[in-house]
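Scroll down for the structure; my scribbles are underneath it.
These figures come from a predicted structure and were not determined experimentally.
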2 protein chains.
Amino acid sequence: MIHDRPTAASQTPHPCGQCQFYEGSVWTPIEPGSVSVLAGRFHRRELEADQVLFEQGDANQGVFCVSRGLIALRTHHADGTSTLLKLAYPGEVIGFRSFLDNGNHKTEARALIPSRVCTVARRDAERVVRASPGVLARLAARCVDEIDRNQARIIATATTSNKERLADTLMELIERHGEVDGEVIRARLPLSRKDLADLIGVPPETLSRLIGRLGKEGFFAFSGREVRIPAEGVRTA
Amino acid sequence: MIHDRPTAASQTPHPCGQCQFYEGSVWTPIEPGSVSVLAGRFHRRELEADQVLFEQGDANQGVFCVSRGLIALRTHHADGTSTLLKLAYPGEVIGFRSFLDNGNHKTEARALIPSRVCTVARRDAERVVRASPGVLARLAARCVDEIDRNQARIIATATTSNKERLADTLMELIERHGEVDGEVIRARLPLSRKDLADLIGVPPETLSRLIGRLGKEGFFAFSGREVRIPAEGVRTA
DNA sequence: CGACAAGTTGAAATCTCTCAATGCCTGTGG
DNA sequence: CCACAGGCATTGAGAGATTTCAACTTGTCG
């Protein structure tokens, strides 16, 4: 393969150049010749809340970067139930599992709130990866992150009670979605009770009771999808 | 980088050439020039039962392929408990997480039975990966396998009862370790009760009771580390 | 044989699940 | 404006499963 050498004249701007997550993106640095491949067929997509980006079982269409909003990755089981496997925040890459694997998506990706996603089509992504192995290395790094997260979840499930795990999950959500409001931090959870239950791994009734118990203990205060905690030493991204 | 072209005279035999898992190995195919790198510093190591290959927290020393036996990957928690995260059978690659991530091992690797492991030292592995991006792609594929396994475990924990999960785990173990003996399949489990309990995610006492219940139901018959099931349609690798 | 680890059993407390009923919220149609 | 359907969420109650701690048994290895 012949790599284009950058010249002042021929240089195409990197399509992710304006992205807030350009640093740390899997798409940079790459061979100059690949920039035009990316720039050409790069695609930005707006999703409304509840809109599906890809369905479980679909053939992989490419690699997606979340640039705004929040995407939920779920698997649906034969009996109609589903498990919420992951929340993908801005800066995260999704669809890379099936991209690397050349197979079908094992999860459904659905926007929880209005979101924006940048897509690199499969064929183009493959071309860029071939020319720029660094991209593959960075995708592998994302895999490693995913492995770490999943293992942390397995360990948490094995070693902590449901109530603790709910409290931990809430703290993570509050870090992301909370805002200081006087003496308290207030967060509007982006999840339905059902989804939150899936995340903890209990049925919704049990979640409801866990929330009731946590509320009674006083640290967390719930009202619908809103949670409040005292403002003390909690970093709110 | 200049790639050696293979010639009848200069060709070094691939060090994994004799390995039962040569096909499907992450180390093949590679650039001919990398073969001598591999061949030079390749290292084969025999482990006794219970011997440690690497400790949790150690810096990554390289990439390991299990060629015989069985390696357990565990994490140790602050409170002294531990979780058995994975059983690595012959043909599997371990240590790639920390290799890709350039970090420390998050798990301890310990032989459950006498085992053999082939090692490619970190520096050499890096060299080969740079010259042969295909290796990286194959490591990424192993990552994807790992992600799939972990997700399957998360889903199983969330959707099936402990008893079911124990039965499923036993069937997998029997597939690997069982031997047909007349009307029954007999397997000697390579795991202590404690490890088996870790794998299911319950304390040993609960495991003991689960085993008791499964035994009473009649399909499985236990005696110490041996399990027997009726021989019917079960593939025994 | 004896000591120590591993595994099992007992019993009470706690937690969770299931299923059914009720409450809450929202959007629609009269 | 109101009533009401439909979906989500909570609550109740009983059955079932799990945890914990302690006592006891079994197995193993010197």
Side-chain angles (χ1 to χ4, degrees), chain A residues 48-50 72 74 77 79-84 110 112-113 155-170 173 188-217 220-227, chain B residues 48-50 72 74 77 79-84 110 112-113 155-170 173 188-217 220-227:
Chain A
E48 304 164 29
D50 235 49
R74 287 193 186 81
H77 313 127
D79 62 359
T81 62
S82 64
T83 303
L84 182 50
R110 185 186 291 263
L112 284 173
I113 55 182
I155 292 170
T157 313
T159 61
T160 69
S161 72
N162 288 338
K163 197 178 71 176
E164 273 177 280
R165 227 160 51 250
L166 172 58
D168 293 346
T169 303
L170 287 171
L173 289 169
R188 184 176 172 75
L189 301 177
L191 297 172
S192 71
R193 291 292 197 250
K194 170 76 173 58
D195 283 343
L196 197 49
D198 275 356
L199 215 47
I200 312 294
V202 298
E205 300 95 321
T206 299
L207 176 74
S208 201
R209 289 182 238 271
L210 290 173
I211 285 178
R213 272 197 276 161
L214 278 183
K216 232 170 245 152
E217 288 175 12
F220 294 96
F222 299 87
S223 106
R225 286 199 179 188
E226 192 181 275
V227 205
Chain B
E48 304 165 28
D50 233 48
R74 286 191 187 84
H77 313 127
D79 64 357
T81 63
S82 64
T83 303
L84 182 50
R110 185 187 291 264
L112 284 172
I113 55 181
I155 292 169
T157 312
T159 60
T160 69
S161 71
N162 288 337
K163 197 176 74 177
E164 273 177 279
R165 227 159 53 248
L166 172 59
D168 293 346
T169 303
L170 287 171
L173 289 168
R188 183 175 174 74
L189 301 178
L191 297 173
S192 69
R193 290 292 197 251
K194 170 74 174 58
D195 283 342
L196 197 49
D198 275 356
L199 216 46
I200 311 295
V202 298
E205 300 96 320
T206 300
L207 176 75
S208 199
R209 289 181 238 270
L210 290 173
I211 285 178
R213 273 197 273 161
L214 278 182
K216 231 169 245 152
E217 286 174 14
F220 294 95
F222 298 87
S223 107
R225 286 199 179 188
E226 191 180 277
V227 204

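Computed from coordinates, the B:D79 CG to D:dT20 C1' distance equals 15 Å when rounded to whole Å. If you take CD of B:E226 and C1' of D:dT26, they are 17 Å apart, rounded to a whole angstrom. In this structure, the CD1 atom of B:I211 is 10 Å from the P atom of C:dT9, given to the nearest Å. In this structure, B:R188 atom CZ and D:dG27 atom P are separated by 12 Å, rounded to whole Å. The distance between atom CZ of B:R225 and atom C1' of D:dT26, rounded to the nearest whole Å, is 14 Å. Rounding to whole angstrom units, NZ of residue B:K216 and C1' of C:dT8 are separated by 12 Å. Atom CG of B:D195 and atom P of C:dA5 are 17 Å apart (whole Å). Taking atom CD of B:E164 as the reference point, atom P of D:dG16 lies 17 Å away to the nearest angstrom.
Under 4.0 angstrom from either OP1 or OP2 of D:dT10 there lies at least one side-chain N or O belonging to A:R193. In this structure, A:N162 reaches the C:dT16 phosphate: one of its side-chain N or O atoms is under 4.0 Å from OP1 or OP2. Dashed line: the shortest gap from a side-chain N or O of A:R213 to OP1 or OP2 of C:dT16 is under 4.0 Å.
Between A:L199 and A:D195, every side-chain heavy-atom pair lies at or beyond the 4.5 Å cut-off. The shortest distance between side-chain heavy atoms of B:L170 and B:F222 falls below 4.5 Å. Counting only heavy atoms from C-beta outward, the side chains of B:K163 and B:L166 never approach each other to under 4.5 Å. When side chains are defined from C-beta on, A:P190 does not count as touching A:R225, because their heavy atoms never get closer than 4.5 Å. B:V227 places none of its side-chain heavy atoms less than 4.5 Å from the side chain of B:L173. With contacts defined as side-chain heavy-atom distances shorter than 4.5 Å, the pair A:D79/B:T159 does not qualify.
B:S161 comes within 4.0 angstrom of nothing in the nucleic acid, heavy atoms only. B:K163 comes within 4.0 angstrom of no nucleic acid atom, judged by non-hydrogen atoms across all strands.
Only B:V202, B:P203, B:E205, B:T206, listed by number, bring a heavy atom of residues 196-207 of chain B to less than 4.0 angstrom from any atom of DNA chain D.
The backbone N or O of A:A72 lies less than 3.5 Å from no partner atom in the side chain of A:R110, so there is not a single donor-acceptor pair.
With distances taken from any side-chain atom of B:R209 to the nucleotides D:dT11, C:dG10, C:dG7, the minimum falls on C:dG10.
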